[in-house]
Structures are given as structure tokens and as C-alpha cells.
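First the structure, in the form of C-alpha cells, and then the observations on it.
Below, each value reflects all heavy atoms present in this structure, side chains not excepted, and no hydrogens, waters or symmetry copies.
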Amino acid sequence: MTISTDVPVAISTDAPVAAAAPEDEGSSATDLVLPLVVVGAVGALAGYGYLRRTRRARTRTTPGGTHTTPAAPPLTELDDRSRTLLTDADNWIRTSREELSYAEARSGPTAVAPFTLAVRDAESELSAAFRIRQRYDTGVPDDETSRRHALAGIAGRCQEAGRRLDEEAAAFDRLRALEREIGEALAVAETRFRELAGRTSTTESTLADLAERYAPAATASVTGSAEQAKDRLVFATTHLNQAHQMADLGDAEVAARHLRAAEGAVDQAAAFVDGIDRLATELRFAAGMVASALTGAEAELSGVRGMLPAAGEGKRPADAGMGAMTGALPEAGAGTRTGAGDTADDARRSARRPESPDALPRVPVGELRSRVLHADSVLASVRQELTGGQPYDPLGVLHRIVRALAPVATGRAGVLPAAARLAAHSATAVADTFVATHRGVVGAHARTRLAAARELLDAPLAGLVRAHSLAGQARELAEQDVRVHGNPVTGAAGHASGVAGAVLGGILLGGGPDGGPPPSFGGPHTEARRGLPSA
């Protein structure tokens with residue numbers, strides 16, 4: 001009975017379990033809905049991820065990667081920017097150097113020493129940038145990655161040059177104090193103006209004298225320089241007067257602007273006049289050097305002829321074997337035989353050879369003969385020109401002599417390097433004056449060639465000939481830029497007042513009927529601070 005009594009108790013405890021059956025069915029429905037929600041959310045996320053991957057695949061520039069990197073700018077874009085920066089940096093330095101000269105005239109070299117150092121530092125950076133650009137223009141380096149690095153190096157150097165000038169610009173402004181003490185600065189500019197006006201009046205007579213004494217080619221580089229100097233002085237007169245007027249009215253900022261424009265014009269007028277006077281001096285020195293240069297060139301050729309085998313000598317077995325082995329002219333003394341094979345001709349030929357074995361590079365005999373024949377032809381032409389009784393171009397004659405002798409020169413005649421140096425310095429100075437007085441439109445190619453010419457002015461004979469060639473290229477490229485740019489200012493008034501020449505010369509930066517604002521000491525940030533257009 002006790003067991004029977006327990007059984008109903010056990011059964012009665014099972015009743016709640018049977019009653020809980022409906023709750024289990026509800027839990028099963030909930031469990032079914034939740035996975036569906038999760039699956040739906042996962043599907044939505046997968047769809048969103050698919051859309052993002054699709055968009056990325058359509059726009060990505062890195063092949064096969066999931067990480068998108070910005071597209072590298074085209075090489076042509078980097079090239080254009082590097083040339084623009086070279087031009088701008090060269091202009092910043094030229095303008096800063098010019099204004100620095102006025103500050104030094106007023107305050108002395110000690111006061112301007114920090115700013116002189118800044119200009120030199122900027123010049124060093126720009127020179128390095130020009131060297132990279134010169135190699136770049138000759139195809140070095142040749143792969144695209146390295147060329148990108150080279151262009152980046154050019155840009156970095158130019159930006160550092162501008163930063164160095166900007167670093168000292170505020171202190172330089174405080175030194176000049178044009179807004180507070182413009183009177184002294186005006187006095188310095190007017191003194192230079194008066195001195196230059198007196199010199200300009202004599203340039204026409206100087207040019208007339210040069211035209212009578214020398215051929216037209218001798219003075220072609222300064223044709224029109226006197227007129228351009230006068231044009232800059234007309235512009236300077238106008239702006240010096242306006243600077244005085246604005247200073248009297250108490251508008252120091254506008255007065256300083258006119259003064260800077262006048263200073264730039266005076267400096268460029270001086271460049272034109274200096275170019276005429278310098279050329280007159282160079283032509284006089286060159287005329288006195290032509291005869292000795294011709295004699296030295298003939299001595300050089302005589303020495304080189306002594307290195308050449310006599311006619312038919314190459315047929316002898318010993319010489320033929322030597323030529324077959326080297327394929328080149330033996331170095332000095334290398335072909336001297338001893339013993340029974342010696343001859344009088346061999347001894348004389350050995351005596352005529354240069355003492356230094358490095359006097360002339362090893363050159364094939366046939367090529368050396370060709371060089372000697374060409375040099376002979378040039379010297380004959382020069383002698384005929386000198387004895388013709390007609391005016392000639394002494395600098396041009398010197399350059400022709402040294403260019404013809406450079407491939408065969410052995411260093412016997414010291415006059416040839418001196419003649420080459422005079423011609424190269426003259427050509428480089430002419431190109432530099434043209435770039436400086438037309439820098440508002442001259443581009444980077446001309447400036448790069450000019451910088452390369454400067455680098456070679458202390459080189460040996462062949463380097464000086466190369467410097468002369470590069471300077472000529474710089475002048476031609478600069479003239480081409482001026483022709484392509486055309487007239488910077490429309491209307492007769494702009495030419496009558498000298499505004500057109502001021503814009504062409506970079507004295508004014510353009511952008512307005514009055515020619516725009518003048519540049520000043522500093523780089524791009526200084527220009528931006530003064531409201532000028534910057535790179």
C-alpha cells in the first residue's frame with residue numbers, strides 16, 4: 001500500500017511536465033526565428049561588402065591588390081613642375097641679390113651679412129638643382145623611377161632655396177625699413193640713377209666706334225642694348241617720382257612698391273650698359289690675342305704632326321704589327337725602337353713627340369689625321385680673314401681657333417686656354433645679361449644651359465669650348481622664349497612708359513594694366529605675404 005501510495009505521487013509530479021508541453025513549442029518557434037534573423041543580417045552584410053569590393057575593383061590602380069594607393073602623377077606633370085620651380089627659384093635669387101645691393105649701399109656689408117649668406121645658400125641649392133636638370137635633359141637617369149626621383153630632387157632643392165630666402169625676408173624688411181625711412185633708400189636709388197644716366201649717354205658713341213672697328217657679328221650681342229637701357233630708365237624715372245609723391249602723402253606702403261620697381265629698372269639698365277662696356281673691353285683684348293693664339297695653334301699642330309707616322313711607314317712589319325695590336329696611335333715614346341732597327345727618322349720623330357705620355361689621348365691614326373686636316377683648314381681660313389683687310393670679330397676668331405685645336409691640343413701652347421677662357425666668359429656673360437633682363441618670360445631650358453656653362457668656366461681647354469657652346473644655346477633658347485611670349489603689354493602707353501619692358505624683364509610680375517606688383521627679397525612665402533602670385 002505504501003508503494004501504491006507513492007506511485008500516484010510520482011504520477012502527480014509528472015503532470016506539470018505534461019502541462020509544460022505548449023511552452024516547449026513556443027521556445028522552438030523562437031529558436032527558429034533567431035537563426036533566420038542572423039542569416040538575413042549576414043546576407044545583408046555580405047551584399048554590402050560585395051558592393052564595396054565591386055566599386056573598389058572598378059577604381060583601384062594597384063593590380064590585384066585590395067589596398068588602394070593614390071595614382072602617381074604623370075612624369076610630364078612632374079617635369080613641368082620642376083621647370084616652373086627652377087624658373088621661379090632663379091628669379092627669387094636674382095631679385096633678392098639685386099635688392100640686397102641697395103641695402104648694402106645704405107647699411108654696409110656687415111649689416112647685410114646674414115642676408116648675403118642666405119642668398120649664397122639659395123644659390124648653392126639652385127646650382128645643385130640645375131646640375132640634376134642638365135643630366136636629366138641628357139637622358140640621365142634613363143629609367144622612369146629614377147627620373148621621378150631626379151625631378152623630386154630638383155623640386156626639393158628649389159623649395160629649399162625659397163625657404164632659405166623666406167627665412168630671412170622679415171629681418172631684411174626690418175633692415176630696409178622702407179615703410180618708415182624711405183627717404184634714405186630713395187636717395188641711394190636716385191644716386192645710382194643719375195650715375196647710370198650719364199653713362200648711358202655715351203653708349204651710343206661706344207657702339208658706333210665698335211661698329212667701325214669690327215665686323216657686325218662682333219657687336220650683334222649688344223644690338224639694341226642702348227635703347228633698352230633708356231627704356232628702363234624712363235620707367236625708373238616715372239616710379240621714382242611716384243615714390244616721392246606717395247611718401248609725401250603718407251602712403252609708405254605704395255611708395256615702397258614704386259621704389260622697388262624703380263630699383264629693379266635701374267639695375268637692369270645698368271646690366272645693358274655694363275654689357276656694352278664689357279664687350280668693348282673684351283674685343284680689345286681679343287684683338288691683341290689673335291696673333292699669339294694663331295702662333296700657338298700652329299705650334300700645337302706641329303707637335304701633333306710629329307706624333308703621326310710618316311707616309312708609308314705603316315707598311316713596315318713592326319709598325320703594321322703595332323697598329324694591328326692597338327688600332328690607335330702609340331703613346332708618346334711607346335714606339336721607340338732600340339738596337340739595329342733604329343733609324344735617324346725614328347730618332348727625330350721621337351724627339352718631336354710630347355714629353356708627357358698623357359699629352360694627347362690615344363686616338364686612331366686615321367682620326368687624328370682628320371682632326372689635323374680640319375684644324376689646318378680652320379687656321380688657313382683665319383689667316384685669310386686676318387689678311388683680307390676687312391673688319392673681323394676677334395672673339396669669334398679666337399673661338400674658331402680654340403674649337404678647332406681642342407681635339408688635338410697637347411698643352412704645348414698656354415695661350416690657347418687663355419683665349420678659350422676669354423671667349424667662354426664673354427659668351428656666358430652675354431647669355432646671363434639676356435636672361436636677367438628678360439627673366440619675366442625666359443624658361444628653365446635656357447637657364448639650365450646657362451648654369452651648365454658657368455660650371456665649366458674654370459675647366460681645361462675642351463671644357464671651355466663646351467662652356468662657350470652651352471652659353472650660345474642658352475642665348476638662343478632665351479631669345480626663342482621671348483619671341484614665343486610676344487608682347488606682354490598691349491597698347492602704346494605701356495611701351496611709352498616702359499611698362500612692357502618692365503614686365504618682360506620681371507621688374508613687374510604682370511597681372512594688371514599697370515604691370516602688376518614688383519617682386520622683392522625672399523621666396524614664395526614672402527610673395528604670398530605681400531599679395532603677389534606665388535608658385
Could you list the donor-acceptor pairs under 3.5 angstrom formed by side chains in residues 210-217, with sequence neighbours left out?
none

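Residues passing the salt bridge (charged side-chain N to carboxylate O under 4.0 Å, His left out) test with E184 are R106, sequence neighbours excluded. Residues satisfying the side-chain hydrogen bond (donor to acceptor under 3.5 Å, both in side chains) criterion with E385, sequence neighbours excluded, are R400. For E282, the salt bridge (charged side-chain N to carboxylate O under 4.0 Å, His left out) partners two or more places apart in sequence, or in a different chain, are R278. Applying the side-chain hydrogen bond (donor to acceptor under 3.5 Å, both in side chains) rule to Q159 yields no partners; only residues at least two apart in sequence or on another chain are considered. Residues satisfying the side-chain hydrogen bond (donor to acceptor under 3.5 Å, both in side chains) criterion with S201, sequence neighbours excluded, are absent altogether. Legend: residues meeting side chain to side chain contact (heavy atoms under 4.5 Å, CB included) with S205, ordered by chain and number and at least two apart, are T202. Listed by chain and number, the residues in a salt bridge (charged side-chain N to carboxylate O under 4.0 Å, His left out) with E204 are K230 (sequence neighbours excluded). Contacts of R94 classified as salt bridge (charged side-chain N to carboxylate O under 4.0 Å, His left out), with partners at least two apart in sequence or in another chain: D90, D432. The ring-ring contact (aromatic ring centres under 6.0 Å, His included) check on Y392 picks up nothing, with sequence neighbours excluded. Looking at residues two or more places apart in sequence or on another chain, you find a side-chain hydrogen bond (donor to acceptor under 3.5 Å, both in side chains) between D121 and R164. Remark: H244 pairs with no residue by the ring-ring contact (aromatic ring centres under 6.0 Å, His included) rule, at least two apart or across chains.
Between the side chain of R447 and the backbone N or O of V442, at least one donor-acceptor pair lies under 3.5 Å. No donor-acceptor pair under 3.5 Å is formed between the side chain of S146 and the backbone N or O of D142. D267 places no side-chain N or O within 3.5 Å of a backbone atom of E98 that could act as its donor or acceptor partner.
Under a 4.0 Å N-O distance rule, the pair R163/E160 qualifies as a salt bridge. Between D137 and R449 a salt bridge is recorded (basic side-chain N to carboxylate O distance below 4.0 Å). Ionic pairing of D143 and R148 is not present here: no N-O contact between side-chain nitrogen and carboxylate oxygen is shorter than 4.0 angstrom. One finds a salt bridge joining R260 and D173 here, because a Lys/Arg side-chain nitrogen approaches an Asp/Glu carboxylate oxygen to under 4.0 Å. Under 4.0 Å is where a charged nitrogen must lie from a carboxylate oxygen, and between R257 and E253 no such pair does. We find that R199 and D274 are joined by a salt bridge, their nearest charged nitrogen and carboxylate oxygen being less than 4.0 Å apart. D80 and R83 are joined by a salt bridge, as a carboxylate oxygen and a charged side-chain nitrogen come within less than 4.0 angstrom of each other.
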